[in-house]
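Chain letters run A, B, ... following the sequence lines, proteins first and then strands; every chain starts at 1. Side-chain atoms are counted along with the backbone in the values below, which use heavy atoms only and exclude waters and symmetry mates.
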4 protein chains.
Amino acid sequence: MPRKPNTDCRRAEIITALQAVIARQGYEKASIQAIAKEAGLAPGLIHYHFKNKQEILVLLVRKLADYGQQRFEQIAAQAGSPEARLHAYLEARLGLGEGAAPDAVAAWVMIGAEAVRQKEVRDIYQQAVAQELLLLTALLGECLIAQGSDAGKAAELAAGLLAMMAGAYQLSSSAGSVMPVGYAAHAAKTYARLYLDAVPTA
Amino acid sequence: MPRKPNTDCRRAEIITALQAVIARQGYEKASIQAIAKEAGLAPGLIHYHFKNKQEILVLLVRKLADYGQQRFEQIAAQAGSPEARLHAYLEARLGLGEGAAPDAVAAWVMIGAEAVRQKEVRDIYQQAVAQELLLLTALLGECLIAQGSDAGKAAELAAGLLAMMAGAYQLSSSAGSVMPVGYAAHAAKTYARLYLDAVPTA
Amino acid sequence: MPRKPNTDCRRAEIITALQAVIARQGYEKASIQAIAKEAGLAPGLIHYHFKNKQEILVLLVRKLADYGQQRFEQIAAQAGSPEARLHAYLEARLGLGEGAAPDAVAAWVMIGAEAVRQKEVRDIYQQAVAQELLLLTALLGECLIAQGSDAGKAAELAAGLLAMMAGAYQLSSSAGSVMPVGYAAHAAKTYARLYLDAVPTA
Amino acid sequence: MPRKPNTDCRRAEIITALQAVIARQGYEKASIQAIAKEAGLAPGLIHYHFKNKQEILVLLVRKLADYGQQRFEQIAAQAGSPEARLHAYLEARLGLGEGAAPDAVAAWVMIGAEAVRQKEVRDIYQQAVAQELLLLTALLGECLIAQGSDAGKAAELAAGLLAMMAGAYQLSSSAGSVMPVGYAAHAAKTYARLYLDAVPTA
DNA sequence: AATGAATGAGAGTTCATTCAT
DNA sequence: AATGAATGAACTCTCATTCAT
């Protein structure tokens, strides 16, 4: 009778440990030894469960993307109007309120930075960005339709909003102390509101 | 016969070599060895001309910031109104037109990403961001005053615009293929235009 | 099947290797590479077992100090009077008799010399000297009390004796061939004897 | 007409620069670059005037030994009795009074430490020690003869005193803060006085 | 599955020495 | 004589990865 494999749970533990270390100390400090220590495991075990360090990172990106998707879906389910859903989305991504998961945000920023550096991370990151872009476009499209406008402008606005979000994330980590406090959610909402208002209604 | 000093030009060469390596391979790969090879120099010589790696990076950031400043001033010189100057600025930063210097942009993005990872780089990067925020705030303040509005809103808008710019930079390197082509300059101009219009005039 | 830890013995091996290299080639030549080679280990392993080179040296100093302490205690155990204990001490430190451990003496001298050069080594060395000074002062204090004198003069004599011992050590390594053979133990005993005799009894 | 060579003076300057750097920062920090900077010369010039770094050190040792010899001769010339000469000597070597030349003492200590490490320095250092031993023996011999004793014991006492002096020097640099203030001259004088008194007169 | 020791390449940095000018 | 750039080897230390147990 073979012993029950615990690989899945160990892998999850390790991924979570990477997230924690990245959020706390940055990717540079996230050595295998550090991850192992965070997870309370022996260094050698990491490479038993993962081919290499890269693989852990890839799976972490996937996990974070899934988490963001789920969080939005939760919020969106309770929203009555398209615009309420949009606000819920922006609040979920940029707000400092409950469920803000700074750990996940910090890790996400680190990964965004890492995507600039490593092709393999970049490939994964791009998929997550593309998915996010689709989601945001759909959200904005609904808003436009609800106000009787053409949904075609949604893509353009979505790209701008996404850039603003990505920038707010990055700057929160790289230059947080020189930016105003809590500007991001407000700026994004304002941008969206003004833009939507400016689109002519049919 | 004393030998003629060539430190200044060597230092410039080394800084340029760092920029090239960063743009091509990322900061991670920008080892002293790599910089030396790129510049065609012996590794030890790098440390003859610079105290440490950090110092080269600081000067590169300064160079890039100066370059951006100059490019803006060139364009702005021909601008008649505050708004024209603002457009010139956004075009200089985000536009794909002539003088776009993809090498410099790439290096800048890499440094921004590295700022997320390393405190030392972050410290340098923050200064540049703070300076940029000041410049942009002043620019927007002029626009507001020109239209008879209170300049107080400039800071808020500047932060949002800067985030959008930083995000556009980062995404151009980390997820360029999934973003619309050339959206950034347009989105930023639209955002600014709408925002300025919405501010009540005295 | 977890692997059995061997850290303790490896650390001891490395410390011993440092002692051997120092005794044979001096501290200057005691590079991590040299230590590793002496111990028959890979260089990287040294840093697996020790945080840095400094830590090895600290532990070596401690080991040598402990060794000296033990040797003294062994000899002193058989001593009946304070003066006999003092002689035992001086013999343990300066004598050429059995258990003289030239390896340890050589290492100690090298470390003393290095203490002159490097602040980090100096800090360690100072602690050992301070401890030795205390021990010697106590020993001399007992002698003074035993002869009915005031123990207050012990500190002064201890300092002089310690200097003589340190000098004898240093000269044995740096100018051994020009000094008389085995003068040190005799000179120290004579100095102590004359000094003690000169202190007035109550 | 050949230009007048200034080699001798340049060499002296460089040796003095080494002494200054050693006294201030220790031998370890006494790189060629540091010496050159201290002397206000170009690094390359050092190797024009000296074959290598070692050679400078050797000449510095010689200079310091000569200086010590001269200083003693000056003092001795004014001393009336052998014992006065001895006191003058010990004061000249260990005292903190005028003409103490802490620069020279510090450099001398560093060199003593270096003699432990490097054979070439050791060879030079030994000669200086031997010379010193002879001088001190002669001095003590005169004292013994003056009091009608056999001068044969002088060598033994000289060795002990020299060790004490060397140790006081070394400890002043390596563990100065844990030793009593100004103990050395007093201890040496006491040692000598007691010893001389103990030698039977004819 | 798991442990933890071991490896070896590569990082930044220092520096005695050489060399073109 | 003198300059100062240039070299290259050596240093300490880090770390992804492998391996014996």
Would you indicate, yes or no, if E/dG4 has its OP1 or OP2 atom less than 4.0 angstrom from a side-chain nitrogen or oxygen of C/Thr7?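 Negative; the distance criterion is not met.
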Should C/Arg10 be listed as having a side-chain N or O under 4.0 Å from OP1 or OP2 of E/dG4? no
So which nucleotide does F/dC15 pair with, by the Watson-Crick or G-U wobble rule with both distances under 3.5 Å? E/dG8
Could you tell me the Watson-Crick or G-U partner of F/dA20, where both distances fall under 3.5 Å? Say none if there is no partner.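 Base partner found: E/dT3.
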Side-chain heavy atoms of A/Tyr169 within contact of A/Val105, under 4.5 Å: yes
Please figure out whether C/Asn52 or B/Ala42 has its closest DNA chain F nucleotide nearer the 5' end.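 Result of the comparison: B/Ala42.
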Can you check the [X] [atom1] to [N] [atom2] distance for me, whole Å?
X	N	atom1	atom2	value
B/Ile46	F/dA6	CD1	C1'	11 Å
D/Phe50	F/dA2	CZ	C1'	15 Å
B/His49	F/dA6	NE2	C1'	8 Å
B/Leu57	E/dG12	CG	P	12 Å
B/Lys37	F/dG8	NZ	P	15 Å
C/Asn6	E/dA5	CG	P	6 Å
D/His47	F/dT7	NE2	P	18 Å
D/Tyr48	E/dT17	OH	P	18 Å

Indicate, with a heavy-atom threshold strictly under 4.0 Å, whether D/Ile32 touches base, sugar-phosphate, or nothing.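 The residue D/Ile32 makes base contact.
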Around atom CD of C/Gln127, are there more than 12 heavy atoms of other residues, nucleotides or ligands at under 6.0 Å?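 Open.
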Has A/Arg24 got more than 12 heavy atoms of other residues, nucleotides or ligands less than 6.0 Å from its CZ?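 For A/Arg24, atom CZ is crowded (more than 12 foreign heavy atoms under 6.0 Å).
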Quick check against the 3.5 Å criterion: does D/Arg11 have a side-chain atom that pairs as donor or acceptor with the backbone of D/His49?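 Looks like yes, one N/O pair under 3.5 Å.
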The side chain of D/Gln33 is closest to which nucleotide in this list: E/dT17, E/dA6, F/dA5? E/dT17
Tell me which nucleotide among F/dT3, E/dA2, E/dA16 gets nearest to the side chain of D/Lys53. E/dA16
When B/Gln54 and B/Lys4 are each assigned the nearest nucleotide of DNA chain E, the 5'-most assignment goes to B/Gln54
With nearest nucleotides of DNA chain E determined for B/Ser31 and D/Lys51 from heavy-atom distances, which residue corresponds to the more 5′ nucleotide? B/Ser31
Which atom pair, heavy atoms only, marks the closest approach of C/Ala113 to D/Val116?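 Heavy atoms of C/Ala113 and D/Val116 come nearest at CB-CB, 3.9 Å.
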